[in-house]
Every structure is written in structure tokens, then in C-alpha cells.
J.: 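For reference, the structure I am asking about is given below.
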Amino acid sequence: MIFRILLMLLCTAGAVCAQDLKDISHWKINLSKTGPKAGEEVEVVFSAEIDQNWKLYSSDFKGDIGPLPTEFVFNPGNNYELVGNIEPVNPLKAVDPTWDKAYTYFVDKAEFRQKIRLTKANAKVTGTIKGLLCSNVDGLCVPFKEAFEVH
């Protein structure tokens with residue numbers, strides 16, 4: 001009997017761990033302008049489609065209340081310079097009842113923008129996106145890390 005319960009728990013845990021994050025969020029990364037020249041300022045636009053009943057935490061709150069904010073790490077390069085900070089576009093806002101602190105998040109769609117100044121034409125911008133996707137149904141949260149490249 002105990003063996004059956006343990007086997008069932010392992011199978012359930014495996015199914016949760018095996019959930020492909022590509023099934024929860026779908027990212028597209030583009031430049032706001034095609035064919036920018038050296039010296040121009042453009043935006044790197046991060047767009048995510050988020051599956052129904054899931055939410056993605058935004059990037060504009062402190063991660064000291066439990067939910068982890070989405071983080072964008074840009075690999076250093078001599079092709080571009082970051083201008084300012086990443087900006088989430090129209091996130092929703094809620095207050096965590098446990099900590100009584102506000103946080104922001106997205107459902108269905110998310111968009112973030114980072115201004116860059118190109119130091120060379122045809123610059124390649126690379127890095128990673130790290131964040132947390134949480135189910136609105138059962139509270140399951142899944143961390144993710146995804147590489148990006150745009151030029």
C-alpha cells in the first residue's frame with residue numbers, strides 16, 4: 001500500500017516536472033526598428049504569450065515578498081549599450097495578502113522593452129530571461145530561464 005502511494009506521488013511529481021515551459025509561455029524578441037544604424041537608439045521588445053490560467057510576474061517590484069520578478073540579463077558586448085532599465089508595458093497590479101506589499105504581473109500577454117544605443121550596425125543582442133510562471137488554478141509555480149538573441 002505504501003509502495004503504491006509513493007509510486008503515485010513520484011508519477012505526479014514527474015508529470016509536473018516534465019511540464020514543458022514552452023507550453024506555458026511563448027516568447028518573441030524583436031527590435032522596434034528594422035535595419036538600425038550605428039549611433040541609433042532602438043528598443044528590444046520582449047513579447048510573451050501566456051497560456052490560460054497562468055500568470056507571469058513582472059520586472060518592476062522587489063522580490064522580497066515571495067514572487068520572483070522577471071529578470072533580463074544582457075550579455076556584455078561592444079555592439080550596443082543599454083539605455084535605462086527594462087520597462088514592463090501595462091502590467092496588472094495586486095497586493096500580496098501575506099506581506100501586504102504590491103506586485104505586478106501579466107496574464108495572457110506580456111511585453112517588456114529595453115532601450116539600447118547601437119555602437120555598430122547589425123549588432124547582435126544576446127542574454128537570458130529568468131522568471132516565474134504561476135498557475136491561477138492550483139498555485140503551482142514554475143521557474144524558467146530562456147536564452148534570447150536578436151539582431
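Below, all heavy atoms of this structure are taken into account, side chains as well, without hydrogens, waters or symmetry copies.
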J.: Between Ser58 and Phe112, is a side chain to side chain contact (heavy atoms under 4.5 Å, CB included) present by the stated rule, with each step listed?
T.: CA-CA 9 Å; Ser58 186; Phe112 301 86; 3.9 Å; yes
J.: Roughly how far, to the nearest 0.5 Å, is CZ of Phe106 from OG1 of Thr70?
T.: 8.0 Å
J.: Among residues at least two apart in sequence or on other chains, which ones pass salt bridge (charged side-chain N to carboxylate O under 4.0 Å, His left out) with Glu49?
T.: none
J.: Under the side-chain contact (heavy atoms from CB on, under 4.5 Å) test, which residues partner Lys33, sequence neighbours left out?
T.: Glu40, Val42
J.: Can you tell me which residue pairs pass the disulfide (SG to SG under 2.5 Å) test with a partner in residues 25-66, sequence neighbours excluded?
T.: none
J.: What's the separation between atom CG in Asp108 and atom CD in Gln52, rounded to the nearest 0.5 Å?
T.: 7.5 Å
J.: side-chain contact (heavy atoms from CB on, under 4.5 Å) with Pro69: which residues, sequence neighbours excluded?
T.: Phe61
J.: Could you tell me whether the side chain of Val44 reaches within less than 4.5 Å of the side chain of Ile29, counting heavy atoms only?
T.: yes
J.: Enumerate the salt bridge (Lys or Arg N to Asp or Glu O under 4.0 Å) contacts for residues 88-105, please, sequence neighbours excluded, ordered by first and then second residue.
T.: Asp64-Lys101
J.: Does anything in residues 44-137 form a disulfide (SG to SG under 2.5 Å)? List the pairs, not counting sequence neighbours.
T.: Cys134-Cys141
J.: Does Val45 share a hydrophobic cluster with Ile50, counting links as ILVMFWY side-chain heavy atoms below 4.5 Å and allowing steps through other members?
T.: no
J.: Would Leu132 and Val142 count as a side chain to side chain contact (heavy atoms under 4.5 Å, CB included) if you check the C-alpha gap in whole Å, the side-chain angles of each, and the deciding distance to 0.1 Å?
T.: CA-CA 6 Å; Leu132 193 62; Val142 181; 5.9 Å; no
J.: Strictly by disulfide (SG to SG under 2.5 Å), give each pair with a member in residues 43-77 just once, sequence neighbours left out.
T.: none
J.: Just to verify, what does Phe46 make a ring pair (Phe, Tyr, Trp, His ring centres under 6.0 Å) with, not counting sequence neighbours?
T.: Phe72, Phe148
J.: Return a table of donor-acceptor pairs under 3.5 angstrom between the side chains of residues 113-123 and protein atoms on other chains or two or more places apart.
T.:
{"unit_1": "Arg113", "atom_1": "NE", "unit_2": "Glu111", "atom_2": "OE2", "d": "2.6"}
{"unit_1": "Arg113", "atom_1": "NH1", "unit_2": "Glu43", "atom_2": "OE1", "d": "2.5"}
{"unit_1": "Arg113", "atom_1": "NH2", "unit_2": "Glu111", "atom_2": "OE2", "d": "3.2"}
{"unit_1": "Gln114", "atom_1": "OE1", "unit_2": "Ile86", "atom_2": "N", "d": "2.9"}
{"unit_1": "Gln114", "atom_1": "NE2", "unit_2": "Val83", "atom_2": "O", "d": "3.3"}
{"unit_1": "Gln114", "atom_1": "NE2", "unit_2": "Gly84", "atom_2": "O", "d": "3.2"}
{"unit_1": "Arg117", "atom_1": "NH1", "unit_2": "Glu81", "atom_2": "OE1", "d": "3.4"}
{"unit_1": "Arg117", "atom_1": "NH2", "unit_2": "Glu41", "atom_2": "OE1", "d": "3.1"}
{"unit_1": "Thr119", "atom_1": "OG1", "unit_2": "Asn78", "atom_2": "O", "d": "2.7"}
{"unit_1": "Thr119", "atom_1": "OG1", "unit_2": "Asn79", "atom_2": "O", "d": "3.0"}
{"unit_1": "Thr119", "atom_1": "OG1", "unit_2": "Tyr80", "atom_2": "N", "d": "3.3"}

J.: OG1 of Thr104 to CG of Leu56: how many Å apart, nearest 0.5 Å?
T.: 9.5 Å
J.: Would you kindly confirm whether Leu68 and Tyr57 end up in one hydrophobic cluster when ILVMFWY residues are joined by side chain heavy atoms under 4.5 Å apart?
T.: yes
J.: If the condition is salt bridge (charged side-chain N to carboxylate O under 4.0 Å, His left out), which residues does Lys109 pass it with, not counting sequence neighbours?
T.: none
J.: Roughly how far apart are Trp54 CH2 and Leu133 CG, rounded to 0.5 Å?
T.: 7.0 Å
J.: Can you pull the side-chain hydrogen bond (donor to acceptor under 3.5 Å, both in side chains) pairs that have at least one residue in residues 125-136, sequence neighbours excluded?
T.: Asn75-Thr126, Ser135-Asp138
J.: List in chain and number order the residues that pass side chain to side chain donor-acceptor pair (under 3.5 Å) with Glu149, two or more places apart in sequence or in another chain; answer none if no residue qualifies.
T.: His151
